[in-house]
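Take a look at the structure set out below.
So you know, we letter chains A, B, ... as the sequences are listed, proteins then strands, and number each from 1. Predicted, not measured: the structure shown is a model, and the values here were computed from it.
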2 protein chains.
Amino acid sequence: MKVLIIEDDPLHRSYLNEAVRAALPECETVLEAENGHAGERLARDYRSAHVVMDLQMSPRNGIEAARTIWKERPETRILFWSNYSDEAYVRGVSRIVPQGAVYGYVLKSASDDRLRLALRSIFIESQCVIDREVRGMQQKSLGNANGFTDAEYEILVDIALGLTDRAIAQRRNLSVRSVQNRLQQLYEKLDVYRSLGHDPDDGRFNLRARAVAVAFLRKLLNHSAIERAEADLAGWLARQSASSRDADPFLRDG
Amino acid sequence: MKVLIIEDDPLHRSYLNEAVRAALPECETVLEAENGHAGERLARDYRSAHVVMDLQMSPRNGIEAARTIWKERPETRILFWSNYSDEAYVRGVSRIVPQGAVYGYVLKSASDDRLRLALRSIFIESQCVIDREVRGMQQKSLGNANGFTDAEYEILVDIALGLTDRAIAQRRNLSVRSVQNRLQQLYEKLDVYRSLGHDPDDGRFNLRARAVAVAFLRKLLNHSAIERAEADLAGWLARQSASSRDADPFLRDG
DNA sequence: AATTTTTCTGCGGGTTCCCGCAACGTCCGT
DNA sequence: ACGGACGTTGCGGGAACCCGCAGAAAAATT
């Protein structure tokens with residue numbers, strides 16, 4: 001058995017290395033990579049089926065790396081080992097895990113024992129292990145009680161990137177009015193209206209900007225989420241301006 | 001000599017502990033705290049004059065902790081030991097270091113030797129040590145070549161919090177038009193206009209929201225900066241609504 | 001198939017934002 | 001003292017945004 005470690009912090013990396021060797025005596029090789037790119041390359045070259053990785057890395061964070069690894073080999077087992085249970089990360093991971101894949105998500109604050117158990121559960125017994133705290137976040141996020149629809153999350157990202165209503169409409173194939181409807185849903189769910197003591201009507205907020213702010217404060221968005229979204233947007237813009245030279249740009253006006 | 005370590009990651013904490021003992025044989029006591037609050041308390045109780053701390057902690061990050069520590073005892077020597085050289089952190093630190101204080105800022109990616117040298121320089125020889133990369137960021141940030149004025153940074157924070165032009169005007173004692181002028185400066189400096197390929201005029205951005213987005217991408221803003229700003233804003237709002245019950249709320253309309 | 005529920009869409013108006021234009025004040029330097 | 005650079009403020013208009021209303025379309029339920 002081979003295990004691939006993708007983690008940018010040297011201290012954490014060597015700690016992981018030791019933990020893996022201690023927990024998995026049947027593991028004869030431990031590979032190490034210090035960022036997403038190197039990790040993807042090693043995973044491809046060595047056909048690693050067992051990966052444990054951090055999420056917050058640069059360049060190329062864990063979510064992007066995991067996506068390409070899983071795209072090439074969906075049966076790969078990945079244990080995410082992160083400092084944070086930000087909703088942005090949890091949602092990002094849930095979004096990319098393939099059908100029936102075995103994976104795990106444990107926090108770095110977990111005990112050595114928990115980490116050992118998670119390693120054995122995932123790599124030996126093919127059982128998913130999601131940290132209690134992360135699981136809670138997942139349910140809050142996906143259970144549509146006070147959670148967010150994909151549509152709502154999508155539009156949140158779009159305004160966080162600074163797109164106008166019209167641009168969002170084009171991108172998502174909607175009318176401008178529909179975009180505004182979704183924005184209103186978003187504003188209500190984020191509780192933007194009474195987000196800070198607004199006794200009189202003077203201390204007022206720009207709803208759009210305020211929504212992004214509270215999303216950040218609630219860790220619904222974080223840097224890496226914005227980074228990924230920006231890259232997607234850049235790609236879309238490129239495709240857009242390429243096709244607008246061939247086709248009629250007013251297709252959606254009828 | 002006593003040294004106080006404030007760092008939330010256990011691995012990094014014990015590494016620091018070892019590094020301190022190795023670099024400073026004259027140090028007989030090493031205290032540890034795992035977040036800003038605990039750190040402030042220890043610093044106060046033990047009158048620590050030598051502190052090394054992380055920046056990104058929760059609750060109460062390094063900048064806030066350092067501010068209160070320095071407020072109580074400005075001659076305290078603090079070495080910041082952080083993963084990042086985000087402009088937001090660098091600016092946040094520069095903002096709070098007292099006149100003539102001795103401090104340092106080294107990245108966690110630095111070698112053991114660099115850390116050792118920094119510890120001795122700051123605590124023994126009273127000499128500031130700023131990591132090369134951080135120093136570069138500092139100059140770029142403060143040198144007003146392509147750097148940002150305090151006024152510009154201030155208004156950036158305000159729109160990131162979601163305030164309207166009018167609210168900003170009230171808060172900063174300006175007219176609405178002046179606020180808009182500063183916004184325009186900000187937009188130009190952030191290069192919001194051609195930030196992404198905008199071949200036609202259709203792929204358009206909401207300038208205000210876009211400015212916040214690129215500020216985040218450039219790490220001019222980050223989570224802790226927003227958190228601090230939000231706390232400040234809450235305080236101001238409280239004071240505001242308190243005084244508006246006594247005084248005439250239309251003072252600034254003449 | 002019929003009905004309910006949800007989502008999408010156009011219209012209209014009130015508000016906020018973006019910004020060019022012009023006037024005024026302060027602080028410089030020659 | 002004069003002229004210029006810079007920051008602040010008011011005015012005005014065009015664009016974008018927020019959102020209630022109501023009909024159309026789609027999806028879910030019965």
[X], nearest nucleotide to its side chain (from [options]):
| X | options | answer |
| --- | --- | --- |
| Leu174(B) | dT9(C), dT8(D), dC18(C) | dT8(D) |
| Thr164(B) | dC19(D), dC17(D), dT16(C) | dT16(C) |
| Gln184(A) | dC18(D), dG20(D), dC18(C) | dG20(D) |
| Leu183(A) | dC18(D), dT9(C), dC18(C) | dC18(D) |
| Tyr187(B) | dT8(D), dC18(D), dC18(C) | dC18(C) |
| Asp165(A) | dC19(C), dC11(C), dC17(D) | dC17(D) |
| Ser178(B) | dC8(C), dT8(D), dC18(D) | dT8(D) |

*What integer distance in Å separates Asn181(B):CG from dC6(D):C1'?*
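Result: 11 Å.
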
*Between Arg135(A) and Gln138(A), is any side-chain donor less than 3.5 angstrom from a side-chain acceptor?*
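Judged by distance alone, the side chains do pair up.
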
*Quick one: is Arg166(B) getting a side-chain N or O under 4.0 Å of the dT16(C) phosphate, OP1 or OP2?*
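Answer is yes, contact under 4.0 Å.
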
_Distance below 4.0 Å between Arg208(B) side-chain N/O and dT16(C) OP1 or OP2_ =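 Checking Arg208(B) against dT16(C): no side-chain N or O falls below 4.0 Å of OP1 or OP2.
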
*Donor-acceptor pair under 3.5 Å: do we get one between Arg182(B)'s side chain and the base of dG7(D)?*
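In this structure, the two groups form no donor-acceptor pair.
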
